[in-house]
Asks: 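Have a look at this one before I ask anything.
Computed from a predicted structure; not experimentally measured. All chains are named by letter (A, B, ...) in the order of the sequence lines, taking the proteins before the strands, and each is independently numbered beginning at 1.
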Number of protein chains: 2
Amino acid sequence: MTPKSSAAKLLPKVPGTGRRQQYSASTKRALIDVAESLFSNQGYAATSLDAIVAGARVTKGALYHHFSGKQAVFEAVFEKVETSASKRIAKGLKGEKDPWKKAILGLREFLACVQDPAYRRVVIQDGPAVLGYEKFREREQRSSFALVQEIVGSVLNAGGWELDDEMLATFSRIFVGALSSAGESVSTSDDPREASARVEIAMGFILEGLRMLEQAGVELPSGPRSAGKTQAPADESTEA
Amino acid sequence: MTPKSSAAKLLPKVPGTGRRQQYSASTKRALIDVAESLFSNQGYAATSLDAIVAGARVTKGALYHHFSGKQAVFEAVFEKVETSASKRIAKGLKGEKDPWKKAILGLREFLACVQDPAYRRVVIQDGPAVLGYEKFREREQRSSFALVQEIVGSVLNAGGWELDDEMLATFSRIFVGALSSAGESVSTSDDPREASARVEIAMGFILEGLRMLEQAGVELPSGPRSAGKTQAPADESTEA
DNA sequence: TGTGAGTACGTACCGACGGTATGTGGAACG
DNA sequence: CGTTCCACATACCGTCGGTACGTACTCACA
């Protein structure tokens, strides 16, 4: 509440558009950095704004000047962590053309990302509860989910199957969920490397199944064409 | 804060072991019921203890007599919702012997459960953040995850593959994650029935792939035998 | 049937936290 | 050199989770 020194951590030497705005931007970054650290270590609920502003050596006035509230700070941190991870993944599978190899590569890269405590806590654990599922999805859509969707799409298209956007999204959701859950189990494992290897084997096995379907020329049953009734592929009793 | 009438909602007519304990049990149930409703509709953070005790027509003294705090109330609600869902699923697939059909049946039943706002909000959205991932996993382990693990195990064993417990757990984690994510997308969809059908198709397709692997006699690469080093199945560069 | 004991609450209160209203000092600009 | 405006600082409020303590009612036992 009573910072002794100047607000910003590091003062820029290369004034671009006025020192004022440079200071402002750096304090904002400082706030985000401190918040990221605290959110990652203690979680959202256990992190107070006082702790954040104290860590950034400013007061709440500064925080509320840059952000509309605590949730807005979290959103900024979330986006930073999320985009950082997705950039890393994207860089990891750059250059690879074969869809199947790309899938394995992306999986491996994702499993590495999920080891980061910040990603686990901010994105996976606290993200849905703090942002709500709508915002969470919306943010996710623009980064990691887009990557998965691209990979899944290329794999399935490489499989020779034609699927509409809805079906592609459905497959992607399934794989994203599988990845998060598996990734989470990897990160909490006693031996992350071993757990990671298991996940790779399991996912690779599932992918292999899809590849077999491709070679066998099995058709992908087309999704419902917006017909009112739900049609089950096999038996009866589709309650609810 | 100032309840007018008696504490309990309904007074029991069949005294079993003293009226006192009957009253006590009913107020506790009332607290859990009200909390379930509020947590489901507004979420954990937006629900105050005052609102809960007001809804149950008691005071905070009563709440803190039965629970150690807000989180304990949430745990009780969580367990109630979770066991209710897993019981429904278990009942739904009772009698079915064929593992593959059982898997589809369980999937369908799960997709129905996930439509329940209480399950979505309490278990999927707020659960991990409030309980923390350790407790969340622990609770999950004893209900829905156990079901999935049983089904996955029977499917894979029916496939003729031998897998150790770790590998079974890994596969189960993957499927649980896939199910939650897919289920969540179903519940937030404009047309849940259509989305549900899509998920069924996609998951059925993936299962079909595994069945093809079985028929082709493809071996499941065995997991690492607790060797210190992680061995990747295909290429090099297993960073992280 | 009185009486002590223990339980199931109610009451009053505290500290912490998120958020707000307002003050202020210095940089940018004329 | 004065004005303006922005980037903060200061002081304060309402609410919430949690606690300490009081109390009425019930049950065992005489």
Asks: Hey, is the main chain of Ser185(B) close enough, under 3.5 Å, to the side chain of Ser189(B) for a donor-acceptor pair?
Replies: no
Asks: Side-chain N or O of His65(A) versus OP1/OP2 of dA7(D): is the shortest distance under 4.0 Å?
Replies: yes
Asks: Quick one, Ser26(B) and Arg29(B) - any side-chain contact, counting heavy atoms below 4.5 Å?
Replies: yes
Asks: Regarding Glu82(A) and Arg142(A), does a basic nitrogen lie under 4.0 Å from an acidic carboxylate oxygen?
Replies: no
Asks: Would you say a side-chain N or O of Thr27(B) is under 4.0 Å from OP1 or OP2 of dA8(C)?
Replies: no
Asks: Applying side chain to side chain donor-acceptor pair (under 3.5 Å), can you list everything that pairs with Arg139(A), at least two apart in sequence or on another chain?
Replies: Glu75(A), Glu79(A)
Asks: Measuring from the side chain of Ala62(B) (C-beta onward, heavy atoms only), which nucleotide among dC17(C), dC9(C), dG17(D) has the closest atom?
Replies: dC9(C)
Asks: Could you tell me how far apart Leu63(B) (CG) and dG18(D) (P) are, to the nearest whole angstrom?
Replies: 9 Å
Asks: Under 4.0 Å between a side-chain N/O of Ser48(B) and OP1 or OP2 of dT15(D), yes or no?
Replies: no
Asks: How many whole angstroms separate atom CG of Asp50(B) from atom P of dT11(C)?
Replies: 13 Å
Asks: Using a 4.0 Å heavy-atom cut-off, does Gly61(A) contact any base of the nucleic acid, only the sugar-phosphate backbone, or nothing at all?
Replies: base
Asks: Find the distance Leu49(B):CG to dG18(D):C1' and express it as a whole number of Å.
Replies: 9 Å
Asks: Send over the distance from Arg57(A) CZ to dA7(D) P, rounded to a whole Å.
Replies: 20 Å
Asks: Using residues 120-128 of chain A as the side-chain source, report each donor-acceptor pair under 3.5 Å to any protein atom, sequence neighbours left out, with the distance given to one decimal.
Replies:
{"unit_1": "Arg120(A)", "atom_1": "NE", "unit_2": "Ser187(A)", "atom_2": "OG", "d": "3.2"}
{"unit_1": "Gln125(A)", "atom_1": "NE2", "unit_2": "Pro128(B)", "atom_2": "O", "d": "3.4"}
{"unit_1": "Asp126(A)", "atom_1": "OD2", "unit_2": "Tyr44(A)", "atom_2": "N", "d": "3.0"}

Asks: Ignoring the backbone of Lys70(B), work out which of dA7(D), dG18(C), dG17(D) is nearest its side chain.
Replies: dG17(D)
Asks: May I have the distance from Phe67(B) (atom CZ) to dA8(C) (atom P), rounded to whole angstrom?
Replies: 13 Å
Asks: What's the closest nucleotide to the Val58(B) side chain, out of dG18(C), dC8(D), dG10(C)?
Replies: dG10(C)
Asks: Please collect all ring-ring contact (aromatic ring centres under 6.0 Å, His included) contacts where either partner lies in residues 118-144 of chain B, sequence neighbours excluded, each pair once.
Replies: Phe78(B)-Phe136(B), Tyr133(B)-Phe136(B)
Asks: For the pair made of CG in Leu31(A) and P in dA9(D), what is the distance, rounded to whole Å?
Replies: 9 Å
Asks: For Lys80(B), check salt bridge (Lys or Arg N to Asp or Glu O under 4.0 Å) against everything at least two apart and list the hits.
Replies: Asp33(B), Glu36(B)
Asks: Could you tell me whether the phosphate oxygens of dC9(C), OP1 or OP2, come under 4.0 Å of any side-chain nitrogen or oxygen in Ser24(B)?
Replies: yes
Asks: Choosing from dG19(C), dG10(C), dC17(C), which nucleotide comes nearest the side chain of Tyr64(A)?
Replies: dG19(C)
Asks: Which one, dG18(C), dG17(D), dG10(C), comes nearest to the side chain of Thr59(B)?
Replies: dG10(C)
Asks: Output a table of donor-acceptor pairs, distance under 3.5 Å, between side-chain atoms of residues 169-183 of chain B and any protein atom two or more places apart or on a different chain; print 'none' if there are none.
Replies:
{"unit_1": "Thr170(B)", "atom_1": "OG1", "unit_2": "Glu166(B)", "atom_2": "O", "d": "2.9"}
{"unit_1": "Ser172(B)", "atom_1": "OG", "unit_2": "Leu168(B)", "atom_2": "O", "d": "2.8"}
{"unit_1": "Arg173(B)", "atom_1": "NH2", "unit_2": "Glu140(B)", "atom_2": "OE1", "d": "3.1"}
{"unit_1": "Ser180(B)", "atom_1": "OG", "unit_2": "Val176(B)", "atom_2": "O", "d": "2.6"}
{"unit_1": "Ser181(B)", "atom_1": "OG", "unit_2": "Arg173(A)", "atom_2": "O", "d": "2.9"}

Asks: Any side-chain N or O of His66(A) under 4.0 Å from OP1/OP2 of dC8(D)?
Replies: yes
Asks: Answer with yes or no whether Lys60(B) presents, from its side chain, a donor or acceptor under 3.5 Å of a partner atom in the base of dG10(C).
Replies: no
Asks: Quick check on contacts: within residues 35-47 of chain B, what sits under 4.0 Å from DNA chain C by heavy-atom distance?
Replies: none
Asks: Quick one: Ile52(A) CD1 to dG19(C) C1', roughly how many Å, whole number?
Replies: 14 Å
